[in-house]
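As structure tokens, the structure follows; a few thoughts come after it.
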Amino acid sequence: MVGQGGDLLLSRREKLRRLRSRGTEPFPNTYRRTHTIRDAIDCFHAIEREVGSQARTEAVSLAGRVVSIRGMGRATFLNIQDATGDVQIHLRRDILQDEYELARDLDLGDFLGARGPLFLTRTGEVTLEAAEASILAKSMRPPPEKWHGLSDVEIRHRQRYLDLIASPEVREGFRLRSTIVGAVRCFLEGRGFIEVETPILVPVAAGAMAQPFATHHNALDRDLYLRIATELYLKRLIVGGMDKVFEIGRVFRNEGIDQDHNPEFTLLESYEAYADYNDVMEMVEQMVSSVALEALGTTVIPFGEETIDFTPPWRRVSLREETLRCTGIDFQQYPDAAALAEAMSAKGIHVEGRSSRGRLIDKLVSTGVEPQLVQPTFLTEYPVEMSPLAKQKPGDPSLVERFEGFAGGMEIANAFSELNDPDEQRSRFMEQEELRRTTNAEEDTDRLDEDFLLALEHGMPPTGGLGMGIDRLVMLLTGKPSIREVVLFPQLKER
RNA sequence: GGGCCGUUAGCUCAGCCGGUUAGAGCUCCGGACUUUUAAUCCGGGAGUCCAGGGUUCGAAUCCCUGACGGCCCA
């Protein structure tokens with residue numbers, strides 16, 4: 001007998017068989033709906049405003065997933081859900097006649113199409129009175145529990161579709177992500193930037209300090225890498241005379257996974273000729289606040305226990321000054337790595353052996369400063385040894401014209417006046433290559449890209465460049481504490 | 001990399017100072033019911049207790065190892 005033997009799936013198989021035996025196709029090729037659920041309900045309310053609670057619409061055809069069923073014998077109430085909302089359907093044996101048999105073979109999770117007028121039940125719910133109803137697709141497995149929803153975080157991430165079915169908040173979160181990305185694109189296009197696409201498979205993984213994923217092209221018999229940044233290709237386009245370019249694309253970094261790191265993530269990079277890092281700073285605060293306004297209607301956003309105010313202008317402070325304030329260490333006082341490491345150890349900050357000075361400052365900032373930067377803040381004037389692609393400050397070659405933007409205790413933006421002197425760029429790359437040889441293996445360094453240097457030798461105008469983590473921006477704007485909540489399919493260990 | 005917590009029915013969970021046949025709600029199956037909506041009422045099913053090893057007369061329960069997940073720290 002169906003339902004016995006511990007197999008809930010069997011009853012669905014049996015219903016599938018019954019549907020077919022009555023000549024009903026459980027997976028028809030198409031169904032034409034006349035309205036989305038939201039549009040149909042809006043349509044009903046428009047009529048209701050004129051004629052009151054006795055309103056009835058013309059027949060509409062709606063389609064969606066069955067999310068609840070209440071069988072009453074010769075009548076059945078159920079709700080279907082589409083991307084715009086959900087609506088109740090009333091199936092009546094006296095109206096549907098033989099077609100009412102379908103009610104018996106419907107399960108939660110099935111897709112149903114129904115045609116009929118909308119009316120108001122005596123409990124005041126907008127309801128479609130079905131004159132026709134047909135199954136559009138059978139679901140062979142039960143959906144998540146209806147009352148508690150899906151709370152197993154692992155299933156939420158591994159089977160995101162179940163998470164989306166079960167949780168309107170999750171659906172709304174990813175809809176917001178799309179709005180945010182669209183608003184970023186719109187903002188940049190409005191400023192005259194054009195969107196481009198550059199290679200993901202690259203011969204040299206340069207443009208950032210990170211480990212790449214390696215792969216191999218068989219026909220060319222050549223090792224290739226997944227890009228870790230789009231920077232050097234976008235600068236080639238600046239050389240080529242495309243004065244304002246941006247790319248929103250996936251980059252790949254072969255490193256650990258945690259609350260705000262996924263091995264593949266979405267990075268915005270933009271480059272603007274005849275601009276410098278101060279212009280970019282102004283653009284970032286304008287962009288984030290206008291995107292927040294467009295997506296959320298406000299620039300003041302709750303994040304965990306805090307409220308973040310993205311209204312420009314954001315606080316600006318030099319990296320040196322803020323690091324001194326937060327950690328008590330003035331890194332300018334320690335021109336060599338060993339002395340800085342000692343000072344950091346004295347403050348209880350664990351340091352790896354043989355780290356470079358740049359790496360140590362990065363560590364000092366990420367552990368001692370970054371977590372404290374809840375309100376939007378630009379840290380400016382970075383040491384040259386941790387910024388191989390940025391232009392030095394006139395009058396102080398130990399610093400570069402660079403800033404990073406922080407909010408909610410996370411880095412969200414990184415920008416500089418781009419280094420465009422090919423000889424200087426070559427020697428900076430050489431320093432990075434040297435660092436890789438002399439420091440511990442965990443230290444990430446940039447890589448020399450000969451083909452990029454060739455481009456620079458052809459001349460690149462003064463340029464302001466920006467990198468911004470889109471996932472983290474979405475986390476901030478949607479109040480999500482983990483990158484896994486804003487990436488549809490986050491990387492997980494193999495089961 | 002370290003620490004803590006978790007993994008039991010399709011889902012959400014209880015049970016865990018060892019003890020006979022592992023429970024509840026929702027889901028599922030059968031029945032009643034034509035305005036219900038966590039529908040209701042009656043009846044009935046449903047398990048590799050994460051995996052492997054160990055202790056014991058006896059293990060979901062205690063011990064060890066591992067897998068996966070979560071949180072915290074580095």
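Using atom C1' as the reference point in both B/C5 and B/G45, the two lie 34 Å apart (nearest Å). Comparing the C1' positions of B/A67 and B/G53 gives an interatomic distance of 15 Å, to the nearest angstrom. Only the C1' atoms considered, B/C72 is 33 Å distant from B/G10, to the nearest whole Å. Annotation: B/A60 and B/C41 have their P atoms spaced 35 Å apart (nearest Å). B/C28 and B/C68 have their P atoms separated by 34 Å, with the value rounded to a whole Å. Nucleotides B/G19 and B/C4 have their C1' atoms positioned 31 Å apart, rounded to a whole Å. B/U65 sits 36 Å from B/G25 when the C1' atoms are compared, rounded to a whole Å. Comparing B/C11 with B/U20, their P atoms sit 27 Å apart, to the nearest whole Å.
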Under-3.5 Å N/O pairs linking protein and nucleotides 41-43 of chain B:
none

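Relative to the six-membered ring of A/Phe378, A/Arg316 misses at least one condition, a distance below 6.0 Å or an angle of at most 45° to the axis.
One atom, CZ of A/Arg12, and another, P of B/A46, lie 19 Å apart when rounded to the nearest Å. Distance CE (A/Met344) to C1' (B/A74): 13 Å, rounded to an integer number of Å. Rounded to a whole Å, the CD1 atom of A/Ile257 is 16 Å from the C1' atom of B/C71. Between the C1' atom of B/C11 and the CD1 atom of A/Ile165 lies a distance of 13 Å, rounded to the nearest Å. When the C1' atom of B/U12 is taken as reference, atom CD1 of A/Ile155 falls 11 Å away, rounded to whole Å. One atom, CZ of A/Arg156, and another, C1' of B/U12, lie 15 Å apart when rounded to the nearest Å. Counting to the nearest Å, the P atom of B/G30 and the CZ atom of A/Arg104 are 7 Å from each other. Counting to the nearest Å, the P atom of B/G31 and the CZ atom of A/Arg74 are 14 Å from each other.
One finds a side-chain N or O of A/Gln259 lying less than 4.0 angstrom from the OP1 or OP2 phosphate oxygen of B/C71. OP1 or OP2 of B/U36 lies within a sub-4.0 Å distance of a side-chain N or O belonging to A/Arg122. Phosphate contact (OP1/OP2 of B/U36, side-chain N/O of A/Arg70, threshold under 4.0 Å): absent. Checking the phosphate oxygens (OP1, OP2) of B/C29, a side-chain nitrogen or oxygen of A/Lys15 falls inside 4.0 Å. The phosphate of B/C29 has OP1 or OP2 within less than 4.0 Å of a side-chain N or O from A/Ser11.
Between the side chains of A/Arg177 and A/Thr179, no donor-acceptor pair of N or O atoms lies under 3.5 Å. Looking only at atom types and distance, the side chain of A/Glu381 has a donor-acceptor partner in the side chain of A/Tyr277 under 3.5 Å away. In the model, A/Arg92 has no side-chain atom that pairs as donor or acceptor with a side-chain atom of A/Gln97 under 3.5 Å. In this structure, a donor-acceptor pair under 3.5 Å is absent between the side chains of A/Glu125 and A/Thr127. Between the side chains of A/Tyr382 and A/Glu404, at least one donor-acceptor pair of N or O atoms lies under 3.5 Å.
Using N1 to N3 plus N6-O4 or O6-N4 for Watson-Crick, or N1-O2 and O6-N3 for G-U wobble, each under 3.5 Å, B/G6 pairs with B/C68. Nucleotide B/G1 has B/C73 as its partner under the Watson-Crick or G-U criteria, with both atom distances under 3.5 Å. Nucleotide B/U20 is matched to nothing when pairs are restricted to Watson-Crick or G-U wobble geometry with both distances under 3.5 angstrom.
Nearer the 5' end of RNA chain B, as judged by each residue's closest nucleotide, is the contact made by A/Gly124, out of A/Gln491 and A/Gly124. For A/Glu125 and A/Ile349, each mapped to the nucleotide of RNA chain B holding its nearest heavy atom, the one lying further toward the 5' end belongs to A/Glu125.
Looking at heavy-atom distances under 4.0 Å, A/Asn79 makes no contact with the nucleic acid at all. A/Tyr100 comes within 4.0 angstrom of nothing in the nucleic acid, heavy atoms only. Residue A/Arg484 is classed as a sugar-phosphate contact, given heavy-atom separations below 4.0 Å to backbone atoms only. No contact: A/Glu129 has no heavy atom under 4.0 Å from any strand.
The side chain to side chain donor-acceptor pair (under 3.5 Å) test applied to A/Ser178 returns no partner, not counting sequence neighbours.
Under a cut-off of 6.0 angstrom, the local environment of CD in A/Glu434 is crowded, with over 12 non-hydrogen atoms contributed by other residues, nucleotides or ligands.
To the nearest 0.5 Å, atom CG of residue A/Leu118 and atom NE2 of residue A/His90 are 14.0 Å apart.
Between the side chain of A/Gln88 and the base of B/U36, a donor-acceptor pair under 3.5 Å is found.
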